[in-house]
Amino acid sequence: MDSEMTTKDEEMEEAAPQKAEEEKKKKSKIVMLVGAPGSGKSTFSEDVMKTSSRSWVRVCQDTIANGKTGTKAQCLKKATDALNDWKSVFIDRCNLDREQRSEFLKLGSPHVDVHAVVLDLPARLCISRSVKRTGHEGNLQGGKAAAVVNRMLQKKELPKLNEGFSRITFCLNEKDVEEAVKTYGALGPLDTLPSGSFGQKNPDAKVQLGIMKFMKKVKPPNNSSKDPVSKQESKETNPSSKEQDVVAFSAQNTDKNIKADGNSRERPAAGSAMTNDIPTLAFPSISTADFQFNHKKASDIIIEKVEEFLDKIGNGRLVLVDLTSGSRILNLVKVKAEQKNIDSSKFFTFVGDITQLYTKGGLHCNVIANAANWRLKPRGGGPALEIATKEAAGDAGCIEPGSALTVPLPSTSQLHKREGVTHVIHVLGPNMNPQRPDCLNNDYDKGCKILREAYSSLFEGFTSIVRTLTKEFNKDPSKSVSTVPSSLIDQRSKREGVFESDSNKKYKGPKVEVGVEKKSESTERFTGDGTIKTWGSWAQSLHRMAMDPEKYNKDVLEISDDVVVLNDLYPKAQKHLLVVARKDGLDRLTDVRVEHLPLLRAMQNVGVKWAMKLISDEPSLVFRLGYHSDPSMRQLHLHVVSQDFNSTHLKNKKHWNTFNTAFFLDSVDVMEEIEKCGKAKLNDNESLMSVELRCNKCRSAHPNIPRLKSHISRCRAPFPSDLLQNGRLVLAPN
DNA sequence: GTTCTAGAAC
DNA sequence: GTTCTAGAAC
């Protein structure tokens with residue numbers, strides 16, 4: 001409509017908006033904040049917005065959904081809207097890994113620069129801030145915060161320019177942050193900043209410098225005495241306070257007391273290839289030495305927390321370590337663990353120096369705990385110790401009692417190279433010693449609470465490491481979970497992304513990319529109602545194992561031409577195995593035809609064989625073998641599950657009903673059905689998942705899972721007659 | 001398959 | 001106030 005107007009003014013009016021638009025376009029910026037909770041992202045953006053003459057929009061995931069935590073998608077939308085409005089945007093979420101950042105980077109354009117401001121402050125500072133703050137918008141408070149921050153920092157990938165940033169500013173301390181606030185606050189509407197990466201000291205450092213220096217204080221035994229630092233330390237440290245002080249990390253040039261725990265609690269043969277592969281956390285008793293926490297109470301808490309976490313740590317194990325075999329706490333815990341019948345292959349006690357468990361005790365522990373005493377004041381342990389502590393604690397001064405800090409060890413560190421320790425978890429317990437700071441004055445209510453928190457944080461940290469290892473292993477099974485000595489196994493490959501050693505070569509097999517399906521249609525399944533569902537990536541692991549069992553050697557109990565036998569990763573009973581068919585294309589029961597009967601019989605036979613083997617070890621076990629009508633995991637698999645259903649992994653109605661309704665099809669019945677009708681009759685009915693919870697023996701109904709579980713642990717009724725027929729149950733001959 | 005968490009149920 | 005479930009996200 002303006003096109004016909006010809007006066008000068010009007011021409012100018014026509015051109016002006018275009019020009020203004022261009023100008024506006026140029027001035028938009030995305031500043032992506034990168035940092036853990038507590039690193040000060042929100043404060044940073046607020047401080048900039050206070051002084052800036054630009055128009056900023058802060059996109060904060062913690063508050064985006066009407067003040068509550070929202071989704072990444074919501075953030076993307078708000079950012080897009082703001083950019084369309086020619087505003088500049090702060091992306092205020094952690095953005096700690098490349099994947100999380102990638103979608104926001106796509107919002108960049110020739111007119112919109114994307115900057116990163118990395119708030120790479122000491123982990124302790126972030127943790128203590130997150131723990132302390134109340135009413136934080138993201139609701140990340142209290143003890144949980146420490147675990148969350150730890151987990152996040154472990155996965156941290158610092159941003160690089162090649163991701164698409166035009167400028168990256170690294171802030172390693174408060175002063176850097178102040179500078180960056182000034183820089184961005186002073187940025188006028190049309191100003192630009194030089195491109196490039198600023199402020200990063202060591203591009204590949206994942207570990208805080210202070211802690212790296214701290215760790216370097218661990219020297220091999222033969223040269224530690226030459227090191228004036230450790231000499232001083234061992235001289236000046238009160239032997240009675242060894243455990244709580246950082247002396248755990250000073251080399252102890254002594255052989256005394258380095259011996260395996262000779263007492264009754266069984267310790268799996270250390271040093272064998274098998275045990276080397278088990279993620280293991282060695283930890284001292286927290287707070288019982290220098291912090292004078294009551295030993296009896298402490299031992300109860302250790303047992304309580306060990307029991308709580310034993311199921312969460314997957315294939316990992318926990319080892320309580322003390323220097324002397326006469327240790328009271330060690331003996332208390334040992335007796336209680338025996339009384340409680342705790343699996344001694346997953347938790348045991350060990351006598352030795354926690355920094356030399358592998359070289360002096362033959363016990364490989366990839367993670368060790370340091371019962372920290374960050375608050376050690378100068379009089380505590382001599383100048384060297386003071387410096388070390390200060391460095392490790394950074395500007396924040398301390399970690400909070402009850403919290404833990406996971407520190408990955410550089411591969412160059414002695415602990416890593418010599419002992420195979422890949423992580424140290426620092427944990428601070430409650431103090432009952434009036435001679436030490438923050439004494440709780442015999443307040444054991446509070447003390448026990450903090451000690452529980454401390455163990456929770458410690459075990460949580462370890463759980464997270466185990467999880468990461470397992471994930472890495474699943475992603476690339478040729479990368480061993482083992483870390484002994486990890487420097488020999490994966491350092492180069494991690495750096496260069498190649499595997500050339502012979503042991504890895506032989507697993508390479510045919511040129512099939514792991515995780516990439518050969519046939520796209522094979523990831524789909526036809527459900528009963530004629531719809532097609534896609535198998536999610538998490539649902540593919542059994543298929544992968546069945547196709548390449550050698551790659552998963554240590555997770556597999558048996559490999560034959562027909563089947564692979566393995567322990568269910570999340571057992572729903574004391575014993576829960578899977579017999580997985582190896583035939584490609586047999587995803588589930590609907591794919592089974594008469595020609596597969598021999599295979600089904602083979603699966604049944606292998607399942608019975610394993611059930612009988614387990615029964616011979618534990619005659620009270622009773623097994624049922626069967627298939628799920630609509631399995632979640634791809635690749636036909638037979639469940640061999642003991643009927644106690646005593647497992648922490650059995651958590652909800654669906655878990656129960658998949659094993660205790662018609663959804664569960666007994667192997668014997670399936671084979672009979674196929675023989676008769678040519679295929680299995682499925683009970684793929686969603687409503688079966690929501691039927692009331694009934695005891696598998698007396699068939700009584702129960703209102704919820706905890707009540708049901710408590711009932712089945714006591715119910716002594718015989719199995720119902722239908723289960724006792726046709727060999728549906730495998731049980732010990734009486 | 002699990003984890004996380006809001007809100008229902010108690 | 002605490003326990004438990006169910007649904008979304010992964």
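As the structure is a computational prediction, the values presented were derived from the model and not from experiment. For the numbers below, each heavy atom of this structure counts, side chains included, while hydrogens, waters and symmetry mates do not.
Taking atom NZ of A/K651 as the reference point, atom C1' of B/dC4 lies 11 Å away to the nearest angstrom. Atom P of nucleotide C/dT5 and atom NZ of A/K709 are separated by 10 Å, given to the nearest angstrom. Summarising the geometry, the separation between NZ on A/K572 and P on B/dT2 is reported as 4 Å, rounded to the nearest angstrom. Regarding A/D568, its CG atom lies at a distance of 8 Å from the P atom of B/dG1, rounded to whole Å. Per the geometry, CG belonging to A/L569 stands 12 Å off P belonging to B/dG1, to the nearest Å. Between the P atom of C/dC4 and the CG atom of A/L693 lies a distance of 13 Å, rounded to the nearest Å. One can place CG of A/L566 at 13 Å from P of B/dG1, the figure rounded to the nearest angstrom. Rounded to whole Å, the distance from NZ on A/K654 to C1' on C/dA6 is 12 Å.
Taking 4.0 angstrom as the limit, A/H655 places a side-chain polar atom (N or O) nearer than this to OP1 or OP2 of B/dT2. Considering only side-chain N and O atoms, A/K653 lies nowhere under 4.0 angstrom from the phosphate OP1 or OP2 of C/dC4.
Not counting sequence neighbours, the partners of A/H637 by the ring pair (Phe, Tyr, Trp, His ring centres under 6.0 Å) test are A/H639. By the salt bridge (Lys or Arg N to Asp or Glu O under 4.0 Å) test, A/E99 is found to be paired with no residue, residues two or more places apart in sequence or in another chain being considered. Evaluation of the side chain to side chain donor-acceptor pair (under 3.5 Å) rule for A/N646 yields no partner, not counting sequence neighbours. The ring pair (Phe, Tyr, Trp, His ring centres under 6.0 Å) search around A/F90 returns A/W56, not counting sequence neighbours. Applying the salt bridge (Lys or Arg N to Asp or Glu O under 4.0 Å) criterion to A/K72, with sequence neighbours excluded, gives A/E103.
Figure legend: A/K297 and A/Y444 shown as a cation-pi pair, the cationic atom lying under 6.0 angstrom from the six-membered ring centre and within 45 degrees of its axis.
Near DNA chain C, meaning a heavy atom under 4.0 Å from it, residues 699-708 of chain A has A/N704, A/I705, A/P706 in order of number.
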